[in-house]
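Note that the coordinates shown come from a computational prediction; the quantities given were computed from them, not determined experimentally. Residues take their numbers from the sequence shown, with the count starting at 1. Each ligand, and each atom within it, is numbered from 1 in the order the structure gives. Just the heavy atoms: all of them, side chains too, but no hydrogens, waters or symmetry mates, feed the values below.
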Amino acid sequence: MLQPLKFRSLELANNLIQAPLAGYSSMPFRLLTKRLGNPGLVVTEMISARAAQLQSPKQDRYLARVPAEGKVAFQLWGNDPAAFAEAAKIAAAAGADAIDVNCGCPVKKVRAAGAGSKLMEDPPLIGRIVERLRAATPLPVSVKIRVGLSEQNYNGVEVAKVAAAAGADFITVHGRHAAERYSHPARYEKIAEIVAAAAVPVIGNGDVRDGDTARKMFATGCVGVMVGRACMGAPWVFAKIQAELRGEEWTAPTRAAMTAALLEHYDLLADLLGDERAIRQTRKLGALYSRGAFAAKEFRNRMNYLHSRADLVEALHLLEP
Ligand SMILES: Cc1cc2nc3c(=O)[nH]c(=O)nc-3n(C[C@H](O)[C@H](O)[C@H](O)COP(=O)(O)O)c2cc1C
């Protein structure tokens with residue numbers, strides 16, 4: 001189960017991966033996740049392959065990356081193979097250790113651009129994107145797919161085969177089809193079918209939050225596990241999963257450590273995005289970090305009226321007993 005992974009020259013110390021999370025997994029999120037949970041790989045928010053080529057402060061913040069994050073995969077979205085190739089070079093210059101192609105995003109705006117899960121309707125296009133990336137960069141290239149398009153069309157196996165034949169080094173599979181959000185539990189049996197059919201290693205994704213759920217995912221035969229929602233507001237969840245997979249007792253961080261992490265998250269965001277955006281993101285992060293905490297309800301209520309760092313510092317006292 002727990003093991004190092006190697007894709008081309010990229011060596012990962014372990015096979016747990018932090019999922020790409022739009023609106024969250026910018027550099028501060030990844031930095032804290034690495035330091036407090038130590039996954040083998042962290043992944044950026046999805047970055048537009050076209051927009052990455054624009055010189056603008058907005059793109060700078062998507063491309064920001066620091067050494068303390070460890071190994072970082074940059075996830076690109078789009079539908080033009082040439083734009084992916086150019087964006088991959090920009091990502092590499094920004095410090096990317098791997099390039100991932102988003103083939104799973106169900107958001108309307110992304111699908112309307114022919115990208116995200118829309119790509120799974122056109123497997124040969126996914127093949128062309130991977131081929132162009134393969135030719136453009138020596139970095140490992142991966143695709144992140146759904147198990148299929150719909151209940152009627154589980155074409156994840158076909159997409160995985162096309163991506164592998166085009167030169168993908170590994171494939172990450174989210175165990176839901178593109179027409180569903182999160183109500184249905186992850187379909188582990190469909191991930192297992194893709195593992196069995198794909199000629200390259202598969203990373204399993206969906207509903208992993210602790211040692212038991214990670215074990216269930218590894219039973220699909222996947223070589224690694226990606227975790228999304230469970231690490232939002234809990235950057236230490238990867239440490240918990242590793243300890244539980246080793247059969248060790250895991251002690252949750254103290255309340256003081258949790259509140260310190262949230263405050264540091266805010267400070268890093270403010271440096272990267274400016275106060276206003278940092279405040280907006282911290283309102284959501286506050287609710288996530290305080291899950292299960294004493295006075296969490298009152299704290300979340302305060303988050304709705306968060307306007308400054310001083311407000312945050314004051315509200316954090318509520319969480320400490
Ligand atoms: C807020 C949010 C943002 C997401 N953003 C992305 C993204 O940018 N790219 C992507 O491939 N998947 C994205 N996903 C999907 C996750 O990476 C992951 O596949 C999904 O949450 C299932 O894993 P989980 O059950 O561990 O959360 C997002 C999910 C959430 C909840």
Please determine if N102 has a nitrogen or oxygen closer than 3.5 Å to a nitrogen or oxygen of ligand 1.
-> yes

Ligand 1 N/O within reach of E45 N/O, cut-off under 3.5 Å = no

Can you list the atoms of ligand 1 that are under 4.0 Å from a heavy atom of [X]?
X: D207; value: 24 (P), 25 (O), 26 (O)
X: K144; value: 10 (C), 11 (O), 12 (N), 15 (C), 16 (C), 17 (O), 18 (C), 19 (O)
X: A19; value: 17 (O)
X: A22; value: 3 (C), 4 (C), 5 (N), 6 (C), 7 (C), 8 (O)

Any salt bridge linking [X] with [Y]? Criterion: basic side-chain nitrogen under 4.0 Å from a carboxylate oxygen.
X: E86; Y: K89; value: yes
X: R30; Y: E69; value: yes
X: D207; Y: R176; value: yes
X: R128; Y: E131; value: no
X: D80; Y: R50; value: yes
X: D210; Y: K240; value: no
X: D275; Y: R309; value: no
X: K118; Y: E121; value: yes

Closest protein heavy atom to [atom], given as residue, atom name and distance to 0.1 Å:
atom: atom 26 (O) of ligand 1; answer: G228 N, 2.8 Å
atom: atom 20 (C) of ligand 1; answer: Y182 OH, 3.6 Å
atom: atom 14 (N) of ligand 1; answer: P20 O, 3.5 Å
atom: atom 2 (C) of ligand 1; answer: L21 CD2, 3.9 Å
atom: atom 23 (O) of ligand 1; answer: N205 ND2, 2.9 Å

If you measure from each non-hydrogen atom of H174 to ligand 1, which part falls under 4.0 Å: side chain, backbone, both or neither?
-> side chain

Is it the side chain, the backbone, both or neither of Q75 that has a heavy atom closer than 4.0 Å to ligand 1?
-> side chain

For G206 and ligand 1, answer yes if some heavy atom of the residue is under 4.0 Å from a ligand atom, otherwise no.
-> yes

Does ligand 1 have any atom sitting under 4.0 Å from a heavy atom of W77?
-> no

With a 4.5 Å limit on heavy-atom distance, are the side chains of H174 and V147 in contact?
-> no

CD (E180) with more than 12 external heavy atoms under 6.0 Å = yes

